[in-house]
Every structure is written in structure tokens, then in C-alpha cells.
There are 2 protein chains.
Amino acid sequence: MARRSGVSISTVSRVLNNSKPVSPEIRQKVLEAIKETGYRPNLLARGLVLRKTNIIGIIVPDISNSYYSELVKGTEEISNMYNYSILLCNTYGELKKEMEYLNLLLEKQVDGIIFMTTNLTDDHINWFKENEVKAVFVNRRAEGLDIPYVSIDNYNAAYDATNYLIKLGHKKIAYVGGPLSDEVLGKERFEGYKQAIYDAGIDFKQELVRVSKIGIRNGYEAMADILDVYNDITAVFAANDIMAIGAVNCILDRGYKIPDDISVVGFDDIPLASIIRPALTTIRQPIYDIGAVAARMLIKKLNGEKLEEKAVNLPYQLIERDTSAKAR
Amino acid sequence: MARRSGVSISTVSRVLNNSKPVSPEIRQKVLEAIKETGYRPNLLARGLVLRKTNIIGIIVPDISNSYYSELVKGTEEISNMYNYSILLCNTYGELKKEMEYLNLLLEKQVDGIIFMTTNLTDDHINWFKENEVKAVFVNRRAEGLDIPYVSIDNYNAAYDATNYLIKLGHKKIAYVGGPLSDEVLGKERFEGYKQAIYDAGIDFKQELVRVSKIGIRNGYEAMADILDVYNDITAVFAANDIMAIGAVNCILDRGYKIPDDISVVGFDDIPLASIIRPALTTIRQPIYDIGAVAARMLIKKLNGEKLEEKAVNLPYQLIERDTSAKAR
DNA sequence: CTGAAAGCGCTTACAG
DNA sequence: CTGAAAGCGCTTACAG
């Protein structure tokens with residue numbers, strides 16, 4: 001390439017990167033030679049000397065889950081916009097894979113990491129303490145770590161969802177959700193529910209609460225368990241749409257009318273939520289934006305820019321559809 | 001690292017890669033030093049000398065579409081198993097982005113590319129002719145290119161779906177599908193439908209056919225158009241589930257019973273297909289497997305192994321659910 | 001403005 | 001079995 005145009009490789013590098021002035025004639029010659037030869041710079045070599053790969057590693061529990069794939073889409077688009085590529089790591093939520101990928105990403109010399117896990121453990125925290133990588137967390141706050149995160153405020157969203165039912169006049173409000181061991185999907189949302197109940201002066205009843213692994217079937221059964229004992233509830237807050245759909249099916253199967261007899265509010269606004277009949281009232285997360293903001297924050301860090309905030313909570317929205325109505 | 005253990009970097013390299021015998025004592029010393037220092041090999045540098053990055057680039061139209069995310073999951077898992085990482089490129093189906101990404105992947109020195117597009121053009125073909133990359137196509141045959149592809153046999157699947165309806169005694173079978181400009185989702189499936197009709201000795205009627213951009217709404221309207229004129233059809237083959245769902249909604253809205261009055265068979269078996277009521281009879285694609293096989297084929301090529309077949313069609317399956325029944 | 005040289009962190013003949 | 005040296009394809013002081 002360089003010899004082809006009769007100049008040094010230094011000069012070729014300079015016209016390619018515009019890093020230093022090059023005389024117009026020579027620039028011209030180089031450009032022509034590049035065209036003719038179909039020369040492509042080797043970004044690996046460049047990365048080696050610059051210590052910068054322009055690759056961002058992204059670790060997700062399950063790319064086939066629409067939540068994560070939408071989020072990855074957001075990350076990918078913003079990354080691409082800023083000239084970064086995405087190295088995708090799918091972990092199936094397994095700690096072992098997560099740790100392997102974290103190490104691998106470092107060896108691959110990625111510039112930064114966007115990290116998602118359903119279960120943040122000390123292993124993760126310690127790893128990030130030992131390895132100073134630029135990183136951004138999604139949906140998890142990392143205790144004692146100087147790593148920013150982006151999320152929505154799950155506690156307040158759950159509070160608002162519950163409160164919405166209360167304002168509709170409901171008093172017997174069941175809770176169906178994911179395991180409390182899950183900090184975000186389980187605990188935070190449950191706490192929001194509980195607080196709303198307390199604040200409304202309603203008696204909190206543990207019997208109206210069912211938590212289990214997330215799944216349509218589990219939502220169905222959790223709902224069945226509750227209805228077996230309390231057939232006088234008038235509302236359910238299901239802390240994720242998957243279980244909400246299970247709950248809806250159960251309620252319908254038992255012959256209750258939705259929303260006439262029982263109102264249901266979900267959480268997440270997955271695509272299905274607006275398609276099932278009756279369409280689900282639920283909390284919408286700005287999933288794409290979460291991914292996009294995470295990427296933007298990481299890239300700012302990579303550029304050495306100061307982040308104004310260590311944590312970003314994006315706005316959520318209550319989408320009223322057909323599963324909720326005033327209490328009789 | 002090397003000096004830490006008092007040996008040469010050559011030796012360190014050799015214990016790390018097991019590329020040459022190293023005396024047990026020295027190996028031991030090196031291993032210890034690695035532990036102590038938390039040394040991590042720089043895979044970029046290794047890639048530069050080996051001319052091998054162990055990265056596979058994957059190009060998809062829309063990662064947030066469950067079809068592609070499921071497929072990427074398959075690719076990712078197999079790749080990871082063989083020690084490859086995935087560089088994810090989302091194109092929104094735009095030719096410009098596709099070409100940019102193809103070039104970028106080459107500059108990033110990926111070992112191979114798994115390529116998906118909804119619209120394979122000469123630009124793509126020419127690019128692959130000019131750049132000899134190891135690649136595998138998904139769902140598209142590349143005319144005049146020595147690039148293997150993996151897919152299902154869309155023509156035969158559509159044939160079988162239509163034939164299934166014929167065997168149920170249906171004679172007036174409408175067709176609703178994607179644009180014929182789409183080789184796979186449009187043309188191949190339509191041809192399969194047509195051939196089945198012919199083979200059964202049924203009169204093919206162009207008026208029973210509606211193609212349009214894929215979308216629930218469009219499926220609904222295509223169905224409405226047909227029912228406006230032919231209210232005596234007893235079955236519909238909708239060549240993708242999205243439009244099938246639209247068609248189902250339309251049929252129901254018009255007061256027909258499914259499957260009593262009209263049977264519907266879809267194509268793809270998207271998650272929704274089994275969730276809507278009545279649950280959709282449809283053709284299931286082994287999406288995860290398509291991704292997995294594509295990765296496996298590419299890796300074989302990367303290893304210099306011969307592929308037995310240039311094209312792999314994975315088995316599809318007709319899933320009978322509640323939208324199809326014998327003709328009255 | 002341009003080129004020769006050093007160096008990024010590895011691997012691998014080559015010599016011993 | 002082990003080390004010094006060359007080289008992968010770049011970038012960037014340094015000298016001119």
C-alpha cells in the first residue's frame with residue numbers, strides 16, 4: 001500500500017487519520033492507491049498501539065428475552081453512532097458464565113462493559129473492585145462500587161401502580177411477583193406495593209402476597225392460590241407482565257370478569273401486554289432508552305468526560321388499558 | 001510478568017498456550033507469577049500475530065425482533081462453546097448500514113461473518129465476490145456465490161401448510177402474506193401455496209391472494225379485503241404469524257367462528273402464536289437451531305474443514321392448534 | 001511536510 | 001527445554 005503510492009507507511013497513516021498535515025498531492029496519491037488496492041486498515045493493530053479497540057462488551061442474561069433484546073438494540077444504535085461496536089455475551093443468568101465473560105472481555109481489551117445480571121453477587125462486586133474497567137450497570141445498584149447505573153425507579157413505579165388501584169377504590173389488593181431474592185424485580189417492587197398499602201391505611205395481609213419464579217404458569221398458580229382463600233379481592237398488582245398474564249388467565253378461568261370483578265395491573269409493558277384481550281394495564285419501562293442511555297454514559301466515561309450523575313432513573317409510565325377499573 | 005518469574009516472555013507464552021514443552025519447575029513458577037500479578041494475556045496482540053481474532057461478526061436486521069434474537073442466541077451459544085465471541089451488528093434492514101458493517105467487520109479482522117438480510121441485493125453479492133471472507137448466510141441463497149446458507153425449506157413448508165388445509169377438505173383457501181419482493185417470506189411461501197393448490201386440482205384465484213408489508217394491521221386489512229368479496233372461503237393460509245394474527249382478529253370481528261367457519265394456518269410459530277386465543281395452527285421454524293447450525297458451519301469453515309453440504313435446510317413442523325379444523 | 005525508528009504485546013522459527 | 005530476535009500492522013515522537 002505504502003510502496004504502491006511511493007510514500008512511507010507513516011504518511012499513509014497520517015492521511016487515513018488526518019492526524020497531521022499532508023501535502024495535497026501526496027494525499028491524493030495515497031487516496032488513489034487505497035482505492036486501487038482496496039486497502040483496509042487493520043483495526044487490531046491500531047487498537048494495539050492506541051490501547052483502544054472501540055469495542056464495548058455487553059453482558060445480558062438472555063438475549064432472546066424481548067426486554068434484553070430491545071435494550072441491546074438501544075445500546076447498539078448509540079454505540080454505532082459513536083463508532084463503537086458491540087461484543088455480545090449471553091449468560092443464561094449463570095454466575096459462572098458471567099464471570100468468564102467478564103474476564104474474557106478484559107482479555108479482548110474492550111474499552112468498556114455494560115453489565116446486566118438478575119442476581120448481583122459479591123463475586124461480581126469483588127471482580128469489579130479488583131479490575132478497574134469502565135462499566136455501567138443496568139437495573140442494579142452496585143453497593144460500594146463507583147460504577148454508575150441506569151434503571152427506572154422500581155420502588156416508586158410499584159408504589160404508583162398500587163396507588164393507582166387504591167385511587168380506583170380498591171382495598172383488597174393482592175400481590176403477585178417474582179422472588180424477593182431478586183433485588184429489583186422482586187424486592188423493590190414488593191416494597192413499593194407494601195408502602196402504598198401502608199400509606200393508604202390499608203391492612204397489609206401477607207396472605208394476599210404470592211411470589212415465585214417468573215413465568216406465565218407461575219403467575220397463574222400464584223393467582224389460583226390467592227383466589228382459593230380470598231375470593232373477595234377486587235384487584236391484583238402483578239409485578240411483571242409475564243405473571244400478570246398468568247394471573248389474568250386464572251381469573252378469567254375462574255369465571256370472574258376483568259375488570260368488572262377484578263382489576264389487574266402489570267409491570268413492564270412487554271409487547272404481549274397490548275395484544276392480549278383484555279389488554280393489560282401496566283407500567284411501561286423505556287427499555288430502548290435504558291440501553292441507549294447506558295451506552296451514552298459509558299462512552300462519556302471512555303472519553304474521560306465527567307458524568308453529572310452516578311445513577312440515572314428514567315421515567316416510567318402507567319399505561320391504562322382494559323384490565324383496570326373502579327372498584328364496585 | 002515474565003521478569004517477575006525470572007523467565008523469558010517466550011516461555012510465558014509457551015506455558016499459557018501449551019505450545020511447547022516447558023519444564024515442570026519453570027511452568028510452576030510462571031503459573032504462580034500469573035496468579036500473583038493477575039496477569040491477563042492481551043488477545044489483541046495475539047490476534048495480530050496469529051491473524052485470528054476468534055470473533056464472529058453477525059449482521060441482523062433487527063435484534064429486538066424475537067426471530068432474530070432467538071437466532072442470535074443460538075449463534076452465541078455455539079460460538080462461545082468453540083471459543084468465539086460475537087460482534088453484533090443491527091442494520092434496521094438498511095442497505096447502507098449493512099454495507100458499512102460488512103466493511104467494518106473486515107477492518108476489525110473478524111474471522112467470519114453470519115449474514116442476514118431481508119433483501120439480498122447485487123450490492124451484497126458483489127461485496128462478497130470482491131472480499132473473500134468466510135461467511136454463512138441465513139435464510140437466503142446467494143446466487144453465484146460460494147457461500148453456504150442455512151434455512152428451512154420455505155417453499156415446501158408453505159406447500160405442506162396449504163396441503164394440510166386441503167386435506168382437511170378445504171377448497172376455497174385464501175392467501176395472506178408478505179410482499180413478493182421478499183424472496184423468502186414473500187415469494188417462496190407464495191409459490192408453495194400456489195403449487196399445492198394446483199396439485200390438488202383446485203382453481204387458483206388471484207382474488208383470494210393479498211400480499212403487503214408485514215404487520216398485524218396489514219394482515220387484518222388484507223383479510224378484510226378478501227372477505228369483502230369472498231365470504232365463502234373456509235380457510236386462510238397466512239404466510240407469517242404476524243399477519244395471521246391480524247387475519248384472525250378480522251375474521252372474528254366479522255362474526256365468523258374459528259375454526260368452525262374459517263380455518264387459519266400461520267407460519268413461524270412466534271411466541272404469540274401459542275398465547276392468543278384461539279391458539280394459532282402454524283409452521284414452526286427451529287429458529288435457535290438455525291442460528292446454532294449457522295455458527296457451527298462457519299466455525300467448520302474457519303477450521304478449514306470441508307462442509308458436506310453447501311446448504312442446510314432444517315426440518316420444520318406443522319403445529320396443530322385451535323385455528324384449524326375440517327371443512328364443514 | 002515526510003521518513004526512519006521505536007514500540008504496542010504477543011508468537012514462533014532459530015539457535016543453543 | 002529456554003532465550004533472543006524478528007515480525008504481526010499499525011501510530012507517533014523525533015529528526016530533518
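In what follows, chains are A, B, ... by sequence order, proteins preceding strands, each numbered from 1. Please read these numbers as outputs of a predicted model, since none were measured by experiment.
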**Item:** Gap between atoms NZ and C1', on A:Lys29 and C:dC1 respectively (whole Å)
**Value:** 13 Å
**Item:** Under 4.0 angstrom between A:Arg51 side-chain N/O and C:dG9 OP1 or OP2
**Value:** yes
**Asked** Has the side chain of A:Arg140 got a donor or acceptor atom that lies under 3.5 Å from a matching backbone atom of A:Thr117?
**Response** yes
**Item:** Spacing of A:Leu16 atom CG relative to D:dC10 atom C1', expressed in whole Å
**Value:** 10 Å
**Request:** Starting at atom CG of A:Asn42, determine the distance to atom P of C:dC8, rounded to an integer number of angstrom.
**Result:** 18 Å
**Asked** Over how many whole Å does the gap from B:Ile34 atom CD1 to C:dG9 atom C1' extend?
**Response** 14 Å
**Message:** Any side-chain to backbone donor/acceptor pair from B:Asp268 onto B:Ile270? Under 3.5 Å, distance only.
**Reply:** no
**Asked** After noting the C-alpha distance and the side-chain angles of B:Lys134 and B:Asp111, does the key distance pass the salt bridge (charged side-chain N to carboxylate O under 4.0 Å, His left out) rule?
**Response** CA-CA 7 Å; B:Lys134 313 263 189 192; B:Asp111 295 335; over 6 Å; no
Heteroatom pairs (N/O) under 3.5 angstrom, protein to nucleotides 14-16 of chain D:
none

**Base D:dT12 to side chain A:Ser10, donor-acceptor N/O within 3.5 Å cut-off** = yes
**Message:** Counting the atoms with a prime plus P, OP1 and OP2 as sugar-phosphate, which does A:Leu44 contact under 4.0 Å by heavy atoms, base, sugar-phosphate, or nothing?
**Reply:** nothing
**Complete:** Side-chain atoms of A:Ala45 come closest, of D:dC10, D:dT12, C:dT2, to D:dC10
**Item:** Shortest non-hydrogen separation from B:Gly47 to A:Leu44 and the atoms involved
**Value:** C-CD2, 3.6 Å
**Message:** Quick check on C:dT2: is either OP1 or OP2 less than 4.0 Å from any side-chain nitrogen or oxygen of A:Thr11?
**Reply:** no
**Request:** Grab the NZ-P distance between B:Lys52 and C:dT12 for me, whole Å please.
**Result:** 13 Å
**Atom pair OH (B:Tyr101) and NZ (B:Lys96), whose distance is rounded to the nearest 0.5 Å** = 11.0 Å
**Asked** Counting side-chain heavy atoms from CB outward, which of D:dT11, C:dC8, C:dT2 is closest to A:Asn17?
**Response** D:dT11
**Item:** Gap between atom CG of A:Leu104 and atom NZ of A:Lys97 - 0.5 Å precision
**Value:** 11.5 Å
**Item:** Gap between atoms CG and P, on A:Asn54 and D:dC10 respectively (whole Å)
**Value:** 16 Å
**Asked** How close or far is atom P of C:dC8 from atom CD1 of A:Ile9, stated in whole angstroms?
**Response** 16 Å
**Rounded distance in Å between the P positions of C:dC14 and C:dC10** = 24 Å
**Prompt:** Across the strands shown, which category fits A:Leu43 at heavy-atom distances under 4.0 angstrom: base, sugar-phosphate, nothing?
**Reply:** nothing
**Prompt:** Contact class for A:Ser13 vs. all strands (heavy atom < 4.0 Å): base, sugar-phosphate, or nothing?
**Reply:** base
**Request:** Measure from the ring center of B:Phe137 to the ring center of B:Phe128 and say whether it is less than 6.0 Å.
**Result:** yes
**Prompt:** Out of D:dT2, C:dT11, D:dT12, which nucleotide sits closest to the side chain of B:Val49?
**Reply:** C:dT11
**Prompt:** Where does DNA chain D pair, written as one dot-bracket string 5' to 3', with Watson-Crick or G-U pairs under 3.5 Å, ( ) inside the strand, [ ] for crossing pairs and | for another strand?
**Reply:** |||.||||||||.|||
**Message:** Between A:Arg141 and A:Glu188 (salt bridge meaning N to carboxylate O under 4.0 Å), is one present in this structure?
**Reply:** yes
**Qualifying residues under salt bridge (charged side-chain N to carboxylate O under 4.0 Å, His left out), relative to A:Glu98, sequence neighbours excluded** = none
**Request:** Would you mind telling me which residue lines up with the more 5' stretch of DNA chain D, A:Arg40 or B:Glu25, judged by nearest nucleotide?
**Result:** B:Glu25
**Item:** Which atom of B:Pro148 lies closest to which atom of B:Lys301, heavy atoms considered
**Value:** CD-NZ, 3.4 Å
**Message:** Work out how far the P atom of C:dG9 is from that of C:dA13, and round it to whole angstrom.
**Reply:** 23 Å
**Request:** Whole angstrom is fine here: how far is it from CG in B:Leu48 over to C1' in C:dT12?
**Result:** 14 Å
